2 protein chains.
Amino acid sequence: MARAATTSDVFNAIAEPQRRDILALLRAGERPVTDLAQELGMSQPRASKHLRVLREVGLVRDRKAGKQRLYGLDARGLRPVHEWTGGFERFWNESFDRLDTYVQDLKQTWQED
Amino acid sequence: MARAATTSDVFNAIAEPQRRDILALLRAGERPVTDLAQELGMSQPRASKHLRVLREVGLVRDRKAGKQRLYGLDARGLRPVHEWTGGFERFWNESFDRLDTYVQDLKQTWQED
DNA sequence: CGATCATATGCCTATATCGGCATGCGTCAA
DNA sequence: TTGACGCATGCCGATATAGGCATATGATCG
């Protein structure tokens, strides 16, 4: 078997970096496909395909605007992801007592993005 | 090209439901492979493979304990995911429920970034 | 109507899985 | 040492995916 269809799972939909980029861009407001494609340096068909996946999992919505089709963000689907990861928050905040000292050291040096 | 390697991206690693299940189970503490496999109803090789992916993206750590190999959670890698989705929080709190043209027009106030 | 712009799709290739099964390898016990 | 146990891997098959290119579909305008 291959991987589960990205089409039915938000986790899968956002597993693709370019789709995350699209979502991030859409925070600024609705945009037509060509606009997104150009801004992200991808071909139009490529952008359309990513947008289709995002639409199918409900992360974006589209509406016609003359010749164009404006895509807008609908971030509600990201909430479950945020909550799921949030369920691990105490594990990255607390001390890792169950793990060995090596990890403790890593935590000291730790400074992510 | 195929999908990006799950091995290099936490987003991809957690795109697989069974891997999320494994992570969830590990919140209770370290566990040997067979234990996890049995609890999640998957074969041992399957569990090992998922654990390998999780290990390669740094979400779990392992240590030998006699014949067994205990896997433990290292949730720090989930933090970026939590933060990324958190960047959309205000969007799912806003009233996107009735996303008709009227609302769209209102939102265009801040459309340009 | 015909031309043109904006998107969506279909077809095709290469690749990266996920899963199963059998097996290799290290560890511990007798 | 031999055997049993625990786990990792290799190999194979089926499938989904990302992208590219060409093209179908839609809408607007002259």
Side-chain angles (χ1 to χ4, degrees), chain A residues 1-23 25-26 29-72, chain B residues 1-23 25-26 29-72 101 104:
Chain A
M1 284 190 175
R3 192 180 300 192
T6 89
T7 244
S8 52
D9 187 334
V10 173
F11 280 88
N12 248 313
I14 65 171
E16 164 64 53
Q18 307 208 63
R19 284 197 286 263
R20 291 201 296 276
D21 291 341
I22 289 177
L23 293 176
L25 259 182
L26 290 181
E30 292 179 304
R31 288 228 188 166
V33 178
T34 306
D35 232 60
L36 291 168
Q38 188 178 0
E39 182 116 2
L40 296 175
M42 59 175 87
S43 69
Q44 173 266 310
R46 191 159 146 190
S48 278
K49 285 171 183 173
H50 280 315
L51 285 166
R52 175 180 178 152
V53 172
L54 292 173
R55 189 178 49 208
E56 286 178 340
V57 297
L59 287 175
V60 301
R61 297 156 159 278
D62 63 302
R63 72 180 171 95
K64 290 188 297 182
K67 281 194 287 192
Q68 300 186 328
R69 180 172 285 266
L70 296 181
Y71 277 89
Chain B
M1 284 188 175
R3 196 178 295 190
T6 88
T7 244
S8 52
D9 182 5
V10 173
F11 281 88
N12 247 311
I14 64 171
E16 165 64 53
Q18 307 207 64
R19 284 197 287 265
R20 291 202 295 278
D21 291 341
I22 290 178
L23 293 176
L25 258 183
L26 290 179
E30 293 178 304
R31 288 228 188 166
V33 179
T34 306
D35 232 58
L36 292 169
Q38 189 178 0
E39 182 117 1
L40 296 174
M42 59 175 88
S43 69
Q44 174 267 309
R46 191 160 146 189
S48 278
K49 285 172 184 173
H50 281 315
L51 285 166
R52 176 178 180 155
V53 173
L54 292 172
R55 187 177 53 209
E56 286 177 341
V57 298
L59 287 175
V60 302
R61 301 182 330 96
D62 63 301
R63 72 183 171 89
K64 288 187 301 183
K67 281 193 284 190
Q68 301 186 324
R69 178 171 288 265
L70 297 180
Y71 277 89
T101 328
Q104 286 301 320

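Since this is a predicted model, take the numbers as computed values, not measurements.
- As rounded to whole Å, 9 Å separates atom P of D:dA27 from atom CZ of A:Arg69.
- When distances run from any side-chain atom of A:Arg55 to the nucleotides C:dT9, C:dT7, D:dA8, the shortest one goes to C:dT9.
- Taking atom CG of residue B:Leu54 and atom C1' of nucleotide C:dC18, one finds them 14 Å apart after rounding to whole Å.
- Atoms NZ (B:Lys67) and P (D:dA4) sit 11 Å apart, rounded to a whole Å.
- Taking 4.0 angstrom as the limit, A:Arg52 places none of its side-chain polar atoms (N or O) nearer than this to OP1 or OP2 of C:dA8.
- Among D:dG19, C:dG20, C:dT9, the nucleotide with an atom closest to any side-chain atom of B:Arg46 is C:dG20.
- Between the side chain of A:Arg31 and the main chain of A:Leu36, no donor-acceptor pair closer than 3.5 Å is present.
- Donor-acceptor pairing under 3.5 Å, judged by distance alone, is present between the side chain of B:Lys49 and the base of C:dG20.
- With respect to the salt-bridge test (charged N to carboxylate O, under 4.0 angstrom), the residues A:Arg63 and A:Glu30 qualify.
- A close approach under 4.0 Å does not occur between any side-chain nitrogen or oxygen of B:Tyr71 and OP1 or OP2 of D:dG6.
- Checked by atom type, the side-chain pair A:Ser48/A:Gln44 shows a donor-acceptor distance below 3.5 Å.
- DNA chain C is contacted by both B:Gln18 and A:Gln68; A:Gln68 maps to the nucleotide lying nearer its 5′ end (nearest heavy atom per residue).
- The side chain of A:Ser43 approaches D:dG20 more closely than any other nucleotide in the set D:dG20, D:dA18, C:dC18.
- Counting only heavy atoms from C-beta on, A:Pro45 has its side chain closest to D:dA22 among D:dG6, D:dA22, D:dT9.
- With DNA chain D read from its 5' end, the first of the two nearest nucleotides for A:Gly66 and A:His50 is the one closest to A:His50.
- Remark: A:Arg19 is in phosphate contact with D:dA18, judged by side-chain N or O atoms under 4.0 Å from OP1 or OP2.
- Residue side chain B:Gln44 reaches the base of D:dA8 through a donor-acceptor N/O pair under 3.5 Å, judged by distance alone.
- Put simply, CG on A:Leu51 is 11 Å from C1' on C:dA8, counting in whole angstrom units.
- Within the 4.5 Å cutoff, side-chain heavy atoms of A:Arg46 are placed close to those of A:Gln18.
- Ion pair A:Glu56/A:Arg52 flagged as a salt bridge, since at least one NZ, NE, NH1 or NH2 atom sits closer than 4.0 Å to an Asp/Glu carboxylate oxygen.
- Heavy atoms of A:Thr34 sit under 4.0 angstrom from primed sugar atoms or phosphate atoms, though from no base atom.
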